[in-house]
Amino acid sequence: MAEFKLKDKKWNKEWEIEIAEEWKSKKMYKFNKNTKKKVYSIDTPPPYVNAPVHAGHATVYTLMDMFARFRRLVGYEVLFPLGLDRNGLPIEIAAERRFNISPERYSREEFIKACEKLLEEYSMKSAETFFKLGISFNSWDVGTDIGEVYLTDMPEYRALTQATFIELWKKGLVYEEEYISNYCVELKTTVADSEIEHKEVEGYLNYIKFKVRESGEEIVIATTRPELLGACQMIIFNPNDDRYKHLEGKHAILPIYNREVPIKSHPYAKPEFGSGLVMMCSFGDYTDIRFFREQNLHPIILIDENGRMNEKSGPLQGLKVEEAREKIVEILDEKGLVVKREKVKHKIPICERTKTPIEFIPLKEFYLKQVEFKEEIRKISRNMKFFSEESRQILENWIDTISFDWPISRRRYYATEIPLWYCKNCNEVIVPEPGRYYVPWKEKPPVSKCPNCGSKEFKGEERVFDTWFDSSITPLFIGGYGRYNDFFKKKLDEKITLRPQGKEIIRTWLYYTLLRVYFITGKEAFDHVWIHYHVLDEKGNKMSKSLGNVIDPREIIEKYGAEPFRLWCAFEGNMHKGDFRLSFERVESAGKFLTKLWNVSRFVSAFDYVDKVDFLTETDKSVLVKHNNIIEEVYESYMKYEVHDAAVLLRDYLWDVFASHYIEMVKSRAYNNDGIYTKEEQKSALFTLHRILKDVLVMLHPIIPFITYKIMKDVYGENIIEMEFPQPIDVTSEIDFEDIMEINSKIWKYKKDRNISLRDELNKIKINKKFMPLGRDLKVMHKIKNIEYRDGKEVEIE
RNA sequence: GGGCUGGUAGUCUAGUCUGGCUAUGACGCCGCCCUUACAAGGCGGAGGGCGCCGGUUCAAAUCCGGCCCGGCCCACCA
């Protein structure tokens, strides 16, 4: 017996950073695009740069890292790039605050410079946490080669956004049209349906008196949006509402505005709500928009692009919408026209980002066709495998509800520009060739004179793209579409293997990506979609700053290291099936496994390494059969992204089978100090000890890469990153290792019950005769004087 | 209002599709033990009858019907 090859008594979390540095400096995970291996690729979600990585990110990236590391072990070349999202509103808002500037008061150029300055400051800060967690990204350097860190605002990325836009434009999939848009007053821009949330708010249902022109009678109308009174174009009641049938075809006079509008019956009016009479205005909500279209009514727009009432609103002009709502009630009340006000709760659409109520105003925007492709998207999405299958429903539900094309233009600044110019003379649209990054608002067009009229005066497009228009091409960018077309086509088959993402962005990131990529490649963007749930605090509440229950992953790494956190990620559950609850306590207890693994390895490391044997004892055969089963089950679990199942299997196997039973059973044989075993028998034990440890280390490596790397290196001098996932060993046994464990447990319990030390001798036990080949191991292990072998199943102890 | 989910000890969880041993495991709790890798360990114990009601069955967390509660998504109650 030699010395422990693991000198230290326990695992030290300080080693993690050294190891991470080593991996980084040796470029251990660099992607080789000329590889002969099959490629496994992951479309990692680019986190936004301006916030530190939160617990959710840390967890999700750690799980993705486990997927990546597993695939490397089973022979894939793994494409696992880090991307950073830097486009869009968050950076604009941060810049406005930091430098106290606004795009209205400063030039566009200066405003963008301010954004860039701030971005420089943020740089790669968020990557620091990923690095410490041991995430095996292909590269830590920003670049455009396959696998390098990409930024969504780098010229090459923006050029690809524009190039794909130009392709869509040429295919006739983009058009510009003035429609009623969802409009966020605060952002002063259109937002897509997918960016809208609904919020329940308290408001008033105002009952207002109108006069009927023909009869002079008073009618009462209930509304939550009285400020839109001036935009009313019709009053409706339910066809079955006997109270109002006599009004059909008559006209009502709008108070204040003194305009006549028709009264008609329409099934949309619910007799039981309010007074049963509804005023239809342009536009209080989606229903109104549909109704106006259906009835072919002419809309009157009262709200301007700043969210204020315009000149058509008469006495309300200049007021904000909410102010106008109060004001008009005051005016009506003075005239004695307000019957009553009821408090009501109702849901209103709000902007996902700013939480301000959405207004509906007509704007000219670019649209990408999607309504007519719903069925195709549904069809190709069925070629993808979802983990778990239940999340597919969220996508299908969303596709069901799409009723309008996607508005892709925005009136913002730090984003990808729409690459178009217009002839000032004849309005001809100038479309550049794809490939370069174009900035039309400050660059000259690619032509010197208009191909239509010959004019030399042009105007560059000032609008930019919706951020999702950028984000929805990540698989094309990381796959090298446009830059390495051969690789993208031949090696990737135009598809990325895995899209991992949160379920809350299924209707945006996933859906838009499928749509965009379908228009380019004609097929599904991914083979697998892994939809994850969320990380909550230990009581199951969402982490939020206001609740003060946010756990910063950096704190956890600082306190426990990356490995306990990674173990927690795996042990906590399968994230595609439910939420995770995070607490320091949970991480700490998950981390205990490291100590166990370290000690087991330390023990085994003391024995001479035997990597081949001609003879195996029955005990060893039995445990190796069990071992083969574990290899198979762990492999299957990893293949299904069920890292949790793999982790639990391995933990229980190492701890409760290998350490508690097998090691205890062969200790004496491995030492063989008294020479009661033959050399062959001893070698059989040494082989089995090393073989199981080595295989378990490899199987655990995706979950806990640092400690397994260190142990493999120190004990066996091998680089675990380059090893292969274990193969089953050619062995059979008549004895189920579970039965052996049962005998051991019975004997331990027997001694415990009688308060006998484990070292004390037992006179006699009776066991089934099939266990005869284990006799000596059992005798030595439990200090049994006599074993009687017989037919019965039970274990008897005397 | 619709859809999808889930409801098992103090907490989390397996089992439910394919009914059947005394309902799995973990954390925590309690008690005992330093057994030559490991007290960041080992051994043992207490604690639930599976959201509620009814049905099918020799037998139900498991199948059927209804209801209640939570989460997520969707939806035109002004």
Sidechain N-carboxylate O distance under 4.0 Å for [X], [Y]:
{"X": "A/Glu396", "Y": "A/Arg382", "answer": "yes"}
{"X": "A/Asp288", "Y": "A/Arg225", "answer": "no"}
{"X": "A/Glu3", "Y": "A/Lys5", "answer": "no"}

Torsion-based syn/anti label for B/G49, 90° from 0 as limit: syn
Where the chi angle of B/A61 falls, syn if within 90° of 0 and anti if not: syn
Touch class at under 4.0 angstrom, heavy-atom based, for A/Lys667 against every strand present: base
Touch class at under 4.0 angstrom, heavy-atom based, for A/Ile663 against every strand present: base
Base B/A37 to side chain A/Glu664, donor-acceptor N/O within 3.5 Å cut-off: yes
Presence of donor-acceptor pair under 3.5 Å, side chain of A/Lys596 and base of B/C38: yes
Given the [atom1] atoms of [N] and [M], what is the spacing between them in whole Å?
{"N": "B/G41", "M": "B/U5", "atom1": "P", "result": "40 Å"}
{"N": "B/C67", "M": "B/A59", "atom1": "C1'", "result": "26 Å"}
{"N": "B/C38", "M": "B/U11", "atom1": "C1'", "result": "28 Å"}
{"N": "B/C72", "M": "B/C32", "atom1": "P", "result": "46 Å"}
{"N": "B/G42", "M": "B/G49", "atom1": "C1'", "result": "31 Å"}
{"N": "B/G19", "M": "B/U57", "atom1": "C1'", "result": "9 Å"}
{"N": "B/G28", "M": "B/U13", "atom1": "C1'", "result": "14 Å"}
{"N": "B/G6", "M": "B/C63", "atom1": "P", "result": "12 Å"}

What is the distance from [atom1] of [X] to [atom2] of [N], rounded to the nearest Å?
{"X": "A/Lys10", "N": "B/A40", "atom1": "NZ", "atom2": "P", "answer": "8 Å"}
{"X": "A/Trp598", "N": "B/C38", "atom1": "CH2", "atom2": "C1'", "answer": "13 Å"}
{"X": "A/Tyr207", "N": "B/A78", "atom1": "OH", "atom2": "C1'", "answer": "11 Å"}
{"X": "A/Ile707", "N": "B/A40", "atom1": "CD1", "atom2": "C1'", "answer": "12 Å"}
{"X": "A/Ile348", "N": "B/A75", "atom1": "CD1", "atom2": "C1'", "answer": "16 Å"}
{"X": "A/Leu649", "N": "B/A14", "atom1": "CG", "atom2": "P", "answer": "14 Å"}
{"X": "A/Lys592", "N": "B/A26", "atom1": "NZ", "atom2": "P", "answer": "12 Å"}
{"X": "A/Leu229", "N": "B/A78", "atom1": "CG", "atom2": "C1'", "answer": "14 Å"}

Between the side chains of [X] and [Y], is a donor N or O closer than 3.5 angstrom to an acceptor N or O?
{"X": "A/Tyr609", "Y": "A/Lys694", "result": "yes"}
{"X": "A/Tyr207", "Y": "A/Glu342", "result": "yes"}
{"X": "A/Asn206", "Y": "A/Thr223", "result": "no"}
{"X": "A/Tyr677", "Y": "A/Asp777", "result": "yes"}

Comparing A/Asn599 and A/Asp285 on RNA chain B - which has the more 5′ nearest nucleotide: A/Asn599
5' precedence on RNA chain B between A/Ser668 and A/Val278 (nearest-nucleotide basis): A/Ser668
What's the closest nucleotide to the [X] side chain, out of [options]?
{"X": "A/Arg602", "options": "B/A37, B/C27, B/A78", "result": "B/A37"}
{"X": "A/Trp398", "options": "B/A40, B/C74, B/A37", "result": "B/C74"}
{"X": "A/Tyr268", "options": "B/A78, B/C73, B/C38", "result": "B/A78"}
{"X": "A/Thr287", "options": "B/C76, B/U36, B/C38", "result": "B/C76"}
{"X": "A/Ala659", "options": "B/A75, B/C73, B/A37", "result": "B/A37"}
{"X": "A/Phe4", "options": "B/G28, B/A37, B/A78", "result": "B/A37"}

Stems formed with participation of RNA chain B [Watson-Crick or G-U wobble, under 3.5 Å, three or more pairs]: B:1-7 with B:68-74, B:10-12 with B:25-27, B:29-33 with B:41-45, B:51-55 with B:63-67
Chi angles and distances behind the side chain to side chain contact (heavy atoms under 4.5 Å, CB included) call for A/Asp645, A/Glu633: CA-CA 9 Å; A/Asp645 299 10; A/Glu633 286 177 58; over 6 Å; no
Option passing ring-ring contact (aromatic ring centres under 6.0 Å, His included) with A/His627 (candidates A/Phe737, A/Tyr653, A/Phe687, A/Tyr662): A/Tyr653
A/Trp655 vs B/G42: side-chain N/O to OP1/OP2 distance below 4.0 Å: yes
A/Tyr204 OH: over 12 foreign heavy atoms closer than 6.0 Å: no
